[in-house]
Amino acid sequence: QDRSFEKEYVAVAYGIMEEKEGIMEDLLFKDKGKNKTFVVKRERKGVKKAKLSYRVVSEGEHEGKAVSLVSVKLYTGRSHQIRVQFASRGYPLLGDGKYGAKDNLKAPMLFCARLTFPYKGETWQFSAMPDWAKAYALEELYEESNG
């Protein structure tokens, strides 16, 4: 609630994003019966505001299709937030069949790469990077996260 806990993710999304960095703000509604979240146009019961910032780290190909590797910082923590916000703009995450990807991967290419939070008067930070990140030219971010 006080925004002292920060989460940063890496993800691989289909498509080449026109804007190489920016902020996504949406209203999200979670359908608990379907376990799926939707971007909606107006506030009503069950709708929550969602905000994230992103930066395209690199661009490449996956099985002949253009992809963007992105770094994402969450400002809110909504269910499936990154997945639905990217998919709603036409950039579903690789492996995310629930939100529009049409591939044979078993899970979305989404990984929490850095957690930062206060503990007993100090700031703690933990970083990691998935093995698949190296395949998408993430060396600079990878070294930054482990340095």
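Just so it is clear, the structure is predicted and the values come from calculations on it, not from any experiment.
Listed by chain and residue number, Arg78 satisfy the side-chain contact (heavy atoms from CB on, under 4.5 Å) test with Lys48 (two or more places apart in sequence, or in another chain). By the ring-ring contact (aromatic ring centres under 6.0 Å, His included) test, Tyr99 pairs with His80, sequence neighbours left out. With sequence neighbours excluded, the residues that form a side-chain contact (heavy atoms from CB on, under 4.5 Å) with Leu105 are His62, Leu94, Asp103, Met109. For Lys65, the side-chain contact (heavy atoms from CB on, under 4.5 Å) partners two or more places apart in sequence, or in a different chain, are Tyr14. Scored by the side-chain contact (heavy atoms from CB on, under 4.5 Å) test, Lys34 finds Asp31, Lys36 as partners (sequence neighbours excluded).
Applying the 6.0 Å contact sphere to NZ of Lys49 captures no more than 12 heavy atoms from other residues, nucleotides or ligands. Around atom NZ of Lys7, no more than 12 heavy atoms belonging to other residues, nucleotides or ligands sit under 6.0 Å away. The environment of CG in Asn35 is crowded: more than 12 heavy-atom neighbours from other residues, nucleotides or ligands sit within 6.0 Å.
Atoms CE and OG, on Met129 and Ser127 in that order, are 7.5 Å from each other to the nearest 0.5 Å. Annotation: the span from Glu18 atom CD to Lys20 atom NZ amounts to 8.0 Å, rounded to 0.5 Å.
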Item to check | Stepwise side-chain contact (heavy atoms from CB on, under 4.5 Å) test for Arg42 and Val40 | outcome: CA-CA 6 Å; Arg42 59 184 170 81; Val40 296; over 6 Å; no
Next on the checklist: Evaluate Ile82 against Leu110 for side-chain contact (heavy atoms from CB on, under 4.5 Å), listing each step before the verdict.
Outcome noted: CA-CA 9 Å; Ile82 296 169; Leu110 175 65; 3.9 Å; yes
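When every heavy atom of Leu52 is checked against every heavy atom of Leu74, the shortest pair comes out as CB-CD2, 4.1 Å. Summarising the geometry of Phe111 relative to Pro130, their closest heavy-atom pair is CD2-CD, 3.2 Å, with the distance given to 0.1 Å. The minimum heavy-atom distance linking Tyr91 with Ala13 is given by the pair O-CB, 3.6 Å. Summarising the geometry of Ala101 relative to Pro92, their closest heavy-atom pair is N-CB, 3.9 Å, with the distance given to 0.1 Å. A pairwise comparison of heavy atoms in Ser4 and Pro118 identifies O-CD, 3.3 Å as the closest pair.
Using a distance-only test at 3.5 Å, with no hydrogens or angles considered, a donor-acceptor pair links the side chain of Gln81 to the main chain of Lys51. With hydrogens and angles disregarded, no donor-acceptor distance shorter than 3.5 Å links the side chain of Ser68 to the backbone of Val56.
In this pair, Trp124 and Phe117 present their aromatic rings parallel. The plane angle is below 30°, not in the 30 to 60° band.
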Kindly list each side-chain donor-acceptor pair under 3.5 angstrom involving residues 21-28, sequence neighbours excluded, with atom names and distances?
from: Asp26; atom 1: OD1; to: Arg89; atom 2: NH2; distance (Å): 3.3
from: Asp26; atom 1: OD2; to: Gln85; atom 2: NE2; distance (Å): 2.8
from: Asp26; atom 1: OD2; to: Arg89; atom 2: NH1; distance (Å): 2.8
from: Asp26; atom 1: OD2; to: Arg89; atom 2: NH2; distance (Å): 3.0

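By the criterion of side-chain heavy atoms lying less than 4.5 angstrom apart, applied directly or through intervening Ile, Leu, Val, Met, Phe, Trp or Tyr residues, Ile16 is not grouped with Val70; the two fall into different hydrophobic clusters.
Just one of Asp96, Val39, Leu93 meets the side-chain contact (heavy atoms from CB on, under 4.5 Å) condition when paired with Val84; it is Val39.
Proximity of Glu6 to Gln125: side-chain heavy atoms (C-beta onward) are nowhere separated by under 4.5 Å. Two residues are said to be in side-chain contact when any heavy atoms from C-beta on lie closer than 4.5 Å; Phe86 and Met17 meet this criterion.
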